[in-house]
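Presented below is the structure to which this report refers.
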Amino acid sequence: MLEAEEFPGWGGPRYYEPALKIAREDGVRDLVLHYVSHRIAGDDLEIVLKDINDPVEVTLHYHVYPDSGILRRSATIRNGTQRAFTIESAQSAVWNLLPGDGYNLTYVAGRWAGETQIQHEPVHEGQKVIESRKGHTSHNFNPWFMIDAGDAGEAHGRVWFGALGWSGNWRITVEQTPYRQVRVTGGMNSFDFSYPLKPGDTLDTPPFYGGYSDAGFGAASRTLHRFTREQILPGGATSRLRPVLYNSWEATTFAVNEAGQRELAGKAAKLGVELFVMDDGWFGARNNDRAGLGDWFVNPQKFPQGLKGLIDHVNSLGMDFGLWVEPEMVNANSDLYRAHPDWVINFPGRPRSELRNQMILNLARSEVKEYLVAVLDKLASEYNIRYFKWDMNRSFSEPGWPEAGAAEERRLWVQYVRNLYEIFDRLRAKHPKLEIESCSGGGGRIDLGVLQRVDEVWTSDNTEAFDRLRIQEGFSFAYPAKIMSAWVTDVPNMNGRSTSLAYRFLVAMQGALGIGANLNKFTDQDTALATNMIAAYKRIRATVQTGDLYRLLSPRTEDVTATEYVAADGRQAVLFAFRHSQQLREDAPAIRLRGLDPRAVYKVESINNKLADRQQQYSGAYLMSSGLNLNLRGDYDATAAILERL
Ligand code: GLA
């Protein structure tokens, strides 16, 4: 039986998802890869495969990370023949599971403002595909999965997981063959894929990371979190904790100017904010979303002296300055588009569909890439900018590249992403202190590829706190709290719902805390509460951002949602609890903690006095077996309890 092949070419009697499919110039599409050689060096393994007839070569790369047991896989395809061929599908890796029935698949699905909703379903015969055909990672699915042996839960059971490092079109195919073979094939999406390879040329596929836990979904997530923090993010384990951020968008939308921003900055600094970010509206003719994208020069009416005055002011208040940009985009009404209408992706003679009134610059073209590097480098050189909020507010359509010609133009899907990565890499190399947030109209660009180049991601445009519990839960299956930007915003929010300011803070404090509320509307009471919450957050921030996350009670199934973070050194733990809606006078359940030292004694305090009994010291064993009673009443009540090990 050939079904468990490590990297099958499409050729011979193979009827399942191939890892590589090519078409030679003479029409021959048969590709049968055989082992040639291998090499082991330290934590790396390379295996060379070759077609049975001609030198179509594949090198499989494996790297094992000993701390986590995570394996990184990718492939290099080389044309060793004398004639060009076209690659029609080039996957990064195939993961073969032990043959059997009863596997379950877990993944996230969603949409704008409703991202990362957990899906959990049996693996059946046939294929299940999650993918993006949208040019970016997308809000709809994320290139991450878990497969369990059928009986796993948060804290028990065998779980295999994988995640792709690619921010363009991707595809993960989970397949059970009629012979009970279960395989996961993933990499760049083969849909509309066509990559010509000249003699001697190579194509590298993006990394596909895979790992395993025998202690349930929670442990699998923790392994992935630690791995992402230490091995993927820029700076790894040495990178700084995420600062408390203020962003002006929801307060001002496009109506930014120096006086207004100064006023907000003064108020933000008093609350304890560390990074002040000015959002959309500061450049070109950008007074609404119909004009200005592409014209990355400071609007002289809004900022007559440029940005220096504002940035100096922000810095003098002890905060770093950040700036919103959306470099990949252009409005038809912009100087850039008037000068270079050919720079957008398009098919000649066909509509150039606009979404949010904008088109996409063809980053695959080197002149466009160089232009963007120059523009952003100028901003980062001229001004003391610590942080770019890098937005990307629409998906691809009409993905043409007329200048490349019909045979080459579908390379756009690959080259766009590579050039995007190059822009990030060059900016970071030249400006080592510069940090970047990956925002894509909400959580449309979150994956282990972009995360090698950014410090934080925008989780969702939906900042409504109760909705956020589910969005953040799904996010937490795959990605660490440290990068999960979470804002406190005004109410009533998206669904018309209003929750208390304390509730909104506690939801956002489970990630990288930001404030997006209109501070001009804050009462003295709001200001006092926000100041206290930010101070409390700073006390627990290292635990939240770099500790171990335990998902105790899920917003999908329970009246109370609870998460717990345990510091790497075990000295602090934080419990967050949110009550949805009390009914029939039922008390909230005692919440049993996890991951504590059973023999240690913990001093427990609630941020807002919600401990149900007076006792404030408990053993770890008691907290894990009997649990903590919290006085959560009515609708949308919430608390955080800080546990310090004595
Ligand atoms: C997107 C982002 C928002 C904001 C606006 C600005 O929607 O997700 O946070 O930056 O763009 O236009």
Side-chain angles (χ1 to χ4, degrees), residues 110-116 134 136-140 167 242 245-257 260-261 264 268 275-296 299 302 321-334 354-360 376 379 385 387-395 435-446 450 454-465 467-468 471-472 475 483-490 493-494 504 508 511-519:
R111 57 188 181 279
W112 174 77
E115 294 86 345
T116 53
K134 293 184 153 184
H136 60 123
T137 323
S138 119
H139 303 75
N140 304 124
S167 312
R242 301 309 307 147
L245 165 160
Y246 179 76
N247 180 297
S248 62
W249 172 245
E250 294 192 18
T252 63
T253 65
F254 299 96
V256 295
N257 59 42
Q261 293 292 303
L264 286 168
L275 171 63
F276 181 84
V277 183
M278 177 159 70
D279 211 278
D280 201 349
W282 59 268
F283 54 92
R286 186 75 169 166
N287 297 314
N288 50 53
D289 63 13
R290 295 186 298 281
L293 281 180
D295 299 338
W296 301 108
N299 180 300
K302 295 175 181 173
F321 181 79
L323 192 65
W324 182 92
V325 287
E326 195 179 3
E328 298 154 79
M329 298 293 160
V330 70
N331 288 118
N333 185 3
S334 68
E354 296 181 14
L355 292 170
R356 207 193 188 205
N357 313 302
Q358 61 199 54
M359 292 168 278
I360 305 189
L376 294 163
L379 276 172
I385 295 173
Y387 183 87
F388 279 135
K389 173 179 173 182
W390 184 298
D391 216 332
M392 195 281 186
N393 273 316
R394 63 155 294 181
S395 304
E435 296 177 335
I436 301 175
E437 169 183 342
S438 172
C439 175
S440 179
R445 192 184 268 156
I446 307 170
V450 80
V454 302
D455 306 271
E456 200 166 315
V457 299
W458 184 225
T459 316
S460 172
D461 275 352
N462 186 345
T463 55
E464 197 286 307
D467 280 4
R468 266 296 176 118
I471 295 171
Q472 293 183 178
F475 184 100
I483 62 161
M484 185 180 76
S485 186
W487 294 357
V488 175
T489 55
D490 292 329
N493 201 306
M494 211 157 255
R504 283 173 274 151
L513 175 65
I515 322 292
N518 187 349
L519 299 183

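Remember, it's 1-based here, ligands and their atoms both numbered in the order they're listed. Since the structure is predicted, the reported quantities are computational estimates derived from the model, not experimental observations.
For the pair Lys302 and Trp282, the cation does not sit on the ring face, since its NZ or CZ is not both under 6.0 Å from the ring centre and inside 45° of the axis. At least one cation-pi condition fails for Arg242 and Trp458: the charged atom is not both under 6.0 angstrom from the six-membered ring centre and inside a 45 degree cone around its axis.
Within the 4.0 Å heavy-atom criterion, the part of Asn393 lying near ligand 1 is the side chain and not the backbone.
Counting atoms of ligand 1 from 1 in the listed order, those under 4.0 Å from a heavy atom of Asp280 are 6 (C), 12 (O). Taking every non-hydrogen atom of Lys389 and a distance limit under 4.0 Å, the qualifying atoms of ligand 1 come out as 3 (C), 4 (C), 9 (O), 10 (O). Each of the atoms 8 (O) of ligand 1 lies under 4.0 Å from some heavy atom of Gly442. In summary, the atoms of ligand 1 found under 4.0 Å from a heavy atom of Cys439, numbered by their order in the structure, are 2 (C), 8 (O).
The backbone N or O of Ser248 lies less than 3.5 Å from a partner atom in the side chain of Thr252, making a donor-acceptor pair.
Taking distance alone, with nitrogen or oxygen atoms compared against 3.5 Å, Trp249 stays at or beyond that limit from ligand 1. Residue-to-ligand polar distances place Trp324 within reach of ligand 1: an N/O pair is separated by less than 3.5 Å.
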Self-check item: Residue pair Lys389, Asn247: steps toward the side chain to side chain contact (heavy atoms under 4.5 Å, CB included) verdict
Solution: CA-CA 10 Å; Lys389 173 179 173 182; Asn247 180 297; 3.8 Å; yes

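Ligand 1 lies less than 4.0 angstrom from a heavy atom belonging to Arg356.
Using a 3.5 Å distance cut-off with no hydrogens or angles, the side chains of Asn331 and Arg286 do pair a donor with an acceptor.
The protein atom (non-hydrogen) at minimum distance from atom 10 (O) of ligand 1 is Asp279 OD1, 2.7 Å. Taking atom 2 (C) of ligand 1 as the reference point, the nearest protein heavy-atom neighbour is Asp391 OD2, 3.1 Å. When hydrogens are left out, the protein atom nearest atom 7 (O) of ligand 1 is Asp461 OD2, 3.2 Å; that is the closest non-hydrogen contact.
Between Glu326 and Gln358 there is a side-chain heavy-atom pair separated by less than 4.5 Å.
Atoms CD1 and OG1, on Ile483 and Thr459 in that order, are 8.0 Å from each other to the nearest 0.5 Å.
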